[in-house]
Amino acid sequence: MKLKNDEVGIFAIGGLGEIGRNMYCVQYQDEIIIMDCGIKFPEDGEMGINYIISDYSYLIKNREKIKALVVTHGHEDHIGGIPFLLKKIPEIPVYATPFALALIRGKLDEHGILKNSVLHEEYEDTVLQFSKLSVTFFRTTHSIPDTLGIAVHTPQGTVIFTGDFKFDLTPVMDQPAPDFQKMAKLGEEGVLALLSDSTNAEVATFTKSERFVAKSLHNIITGIKGRIIFATFASNLYRVSTAIKAAVATGRKVAIFGRSMENGIQNGIDLGYLDIPEGTIVEAFEINKLPPEKAMILCTGSQGEPLAALSRIADGSHRQISIKPGDTVIFSSNPIPGNTTSVNHLINKLYEAGADVVHGKIHNVHTSGHGGQEEQKMMIELTKPEYFIPVHGEYRMQVIHTETAQATGMAKDHTFVLENGDVLALTKTSSRIAGKIQIPDVFVDTSSTSEVGDIVVHDRKILAEEGLVVVVATIDYQHQRVLAGPDILSRGFVYMRESTDLITAAQKHIYHLLRVEMAKETKSDERELKKNIIETLQDFLYSRTERRPMILPMIIEKK
C-alpha cells in the first residue's frame, strides 16, 4: 500500500466477492478504523472446515495504527472473527451495541480471552474521537436488534459503512425505525465514500417488513394442532419473540434446544428485548410429558448444520427428542449461500420421519434482513456520496449494485468493484488504486480453535475424491536389496480384492524403481526417494485408472 499524506485508504480484509467475512478498514496517515470482523461459512468442498476467516497479517504489522474495531451488529459474518483477531492483537478496543456485545463476550469467554479484552458499548449517539479520525453512528434496521451504520469522519470527508440494512418502517419488538434524518445530515455535510450492503442487489423491490412475517407466523402457528418445532437463527430475536408470543396465545409451553439458542434468549431477556411470561419456558425433559398441542420446541439448525439440534432430532440421534407423526417443523430462515444442499437434505429427512415441514417464501415465514434495489437507491440518495463501493456480496451482486448507483446519477468512474485487499485511495477530488494487500484465506477446523492451511484442505479434497494409496517397503541400500514389499494398501481408491492385477503391476513398478534408486552412485535422501515414488506411482495409476489418489510412501531402511 502506498498512500499519499492527504489520501484516505479504504480496503476490505474480507467481504468482497463473497457472502460473509465482513471486515472493512479506513486508514488515514497513522490511524486505522476497523469496521466489523466476521467469518464465512465453508462451501461443500472445504472438507472438515468449520468456517473461514481472513489473514490479519497487515493489521498485525500495523497494530500501533489501529484505533478501534467498531461493530454494526451481532451476526456471525460480522463478529465471528473477533476472537481470532484479538488473540493476535489483544489491545484493540472493541465497540459494539449491547446485544452484539453480549454475543461477543460469550465468544471471547469460550476462547479464554475475555479478561484481556477491551470492550465498550456503543449507541447511535456515541462519538469516538481520535487525533485525525472520528467515528459516529446512525440507526438502521436488520434481522437482529441493535443495528447501526458507521460513519468514519476524515479530513477529506466521511466514509460510511451501512452494515447489513433494510428500511423497515414497522419494526417489531419496539425497535426504532431507521434514522433517515441523520443519514441525510451526513449527506449534506459531505460523504466521501459509501460502502453499501449488496446482498439483495438482484432484488428489484423493497424488502418486506418483519411485522409482515410476524403476522404470517402467528397465523400459521395458531392453526397447527400437533407439536411444533420452530427453527431459526439464535440471534434472530424477532422470530424468537414471535414464536414465543404465538405459543403463549395458544397455551403452549416452550422448550429450548441448542446452546446458542439458550444464550441468545438469555441475552434477550437480560437486555430487556424479550418479555416472556413466567412459566412459559420449561426444561427440555418436560416437553415430552406435554400433549402435542401444548408443546413448542425452539431450536437451532435451520441451516442444516450436522451437529445442531434440529439435525440430530431429524436423524434420531438426539437424546431427548425424536420426530413423531403429527409434528410440524417451521424453518423461519432462508439457506445461507452454500447451505442449500444441506438444508434440502434435512427437510427430506424430516419428511421421511413423518413430520410436516413449513418453509420457503410461499408460506411467508421469512423475510430478508437486507434491502432490495429500492432501499439501496434510497441509501445513495440520502447520503449523496462522492464515491461508491458495493460491499458484502458476490461479484455479480457488486456489479449490479454499481449499476443501481449509476442509475441514481453517480458517474461510472466514481463507482468501484473491488476485491479483498484492493486499496482505494481517495481525496475529495481524486481516486486511484494504491496497491493490494495479500489476504489469503485462513481455514478454522471443527475444533473451532485451530487454523488449517489451504494445503491441508486441498489434501482432504483429494482424499475424498480420489482416495489414498499407501506404499510400504523395507530396503537395504548397502546390499542393494528390497528386503520386504513393496506392499500396497488402498483406501477409497480401488477395492483391492477386485483389483489384484492393478495392485500387482503397481508393486512391480515400485520394485523396479527401488532397485534403480539403490543402484545409483549417489544415494538419494529420504525426501527425494519418496518424491520419486509418488510421481512414478501417480503417473502409473493415472495411466490405468485416470485417477490421481494421494500416495503415502513408508520406506524403512535397514541400518
Side-chain angles (χ1 to χ4, degrees), residues 11-25 34-56 59 69 71-85 96 100 103-104 107 142-144 147 150 161-166 195-203 232-236 260 300-305 308 333-343 366 368-371 389-398 400-401 417-422 439-446 448 451-452 454 457:
F11 55 94
I13 302 294
L16 300 184
E18 59 189 0
I19 296 294
R21 199 165 50 164
N22 292 280
M23 190 175 188
Y24 311 98
C25 299
I34 305 172
M35 301 178 290
D36 289 346
C37 180
I39 61 170
K40 182 173 73 171
F41 294 100
E43 301 288 339
D44 290 339
E46 287 154 340
M47 311 295 180
I49 299 302
N50 213 24
Y51 38 78
I52 304 166
I53 59 176
S54 295
D55 186 287
Y56 305 130
L59 297 176
L69 164 59
V71 174
T72 59
H73 66 284
H75 278 148
E76 283 292 298
D77 56 337
H78 293 258
I79 67 170
I82 292 177
F84 299 95
L85 179 64
L103 297 173
I104 291 167
K107 292 178 178 300
H142 185 43
S143 56
I144 187 173
T147 58
I150 298 169
F161 171 44
T162 65
D164 294 355
F165 81 96
K166 67 178 181 179
L195 283 66
S196 188
D197 173 18
S198 305
T199 309
N200 275 352
E202 298 168 293
V203 179
T232 190
F233 290 110
S235 60
N236 195 337
S260 60
T300 55
S302 63
Q303 296 300 303
E305 308 96 310
S333 65
N334 277 348
I336 294 172
N339 288 355
T340 303
T341 300
S342 299
V343 172
H366 178 69
S368 177
H370 305 268
I389 307 159
V391 298
H392 193 190
E394 295 174 1
Y395 180 78
R396 70 183 187 282
M397 301 171 187
Q398 293 175 261
I400 293 170
H401 203 173
V417 177
L418 302 178
E419 297 178 349
N420 291 333
D422 286 346
I439 306 175
D441 292 346
V442 176
F443 300 97
V444 179
D445 212 334
T446 47
S448 296
E451 296 178 6
V452 176
D454 55 355
V457 177

Taking ring pair (Phe, Tyr, Trp, His ring centres under 6.0 Å) as the definition, give me every residue that meets it alongside H401, ordered by chain and number, with sequence neighbours left out.
F388
Residue of the set I52, V442, I439 for which side chain to side chain contact (heavy atoms under 4.5 Å, CB included) holds with R21
I52
Checking N236 now: which residues fulfil side chain to side chain contact (heavy atoms under 4.5 Å, CB included) with it, not counting sequence neighbours?
S143, T232, F233, Y238, R239
Minimal non-hydrogen separation, Q398 against G17, with atom names:
OE1-N, 2.8 Å
Among I79, I82, I53, N22, find the residue that satisfies the side chain to side chain contact (heavy atoms under 4.5 Å, CB included) test when tested with I39.
I53
I need the D55 CG to D441 CG distance, nearest 0.5 Å.
9.5 Å
Could you tell me if the side chain of V203 sits less than 4.5 Å from the side chain of H370, heavy atoms only?
no
Using distance alone, with no hydrogens and no angle criterion, decide if H75 and D164 have a side-chain donor and acceptor under 3.5 Å apart.
no
For D422, which residues count as a salt bridge (Lys or Arg N to Asp or Glu O under 4.0 Å) partner, sequence neighbours excluded?
K436
At their closest point, which heavy atom of G393 faces which heavy atom of I19, and how far apart are they?
CA-CD1, 3.8 Å
In terms of heavy-atom contacts, Y56 and G81 come closest through OH-O, 3.5 Å
Apply side-chain hydrogen bond (donor to acceptor under 3.5 Å, both in side chains) to S260 and list each qualifying residue two or more places apart in sequence or on a separate chain.
none
Polar side chain donor-acceptor pair, D36 to T72, under 3.5 angstrom
yes
Where do M35 and F161 come nearest, in terms of heavy atoms and distance?
SD-CB, 3.6 Å
Compare every heavy atom of S198 with every heavy atom of P390, then report the nearest pair and how far apart it is.
CB-OG, 3.2 Å
Among all residues two or more places apart in sequence or in another chain, which pass the side chain to side chain contact (heavy atoms under 4.5 Å, CB included) test with A12?
L16, Y24, N420
Side-chain touch L85/M23, heavy atoms, less than 4.5 angstrom:
yes
Search all heavy atoms of S54 against all heavy atoms of G14 and return the closest pair with its distance.
OG-CA, 3.9 Å
side-chain hydrogen bond (donor to acceptor under 3.5 Å, both in side chains) filter on T147, not counting sequence neighbours, yields T140
Spacing of CD belonging to E18 relative to CE belonging to M397, to within rounding of 0.5 Å:
11.5 Å
Has K166 got a side-chain atom pairing as donor or acceptor with S368's backbone, closer than 3.5 angstrom?
yes
Side chains of C25 and L59: closer than 4.5 Å at any heavy-atom pair?
yes
Is the shortest side-chain heavy-atom distance between D77 and H392 below 4.5 Å?
yes
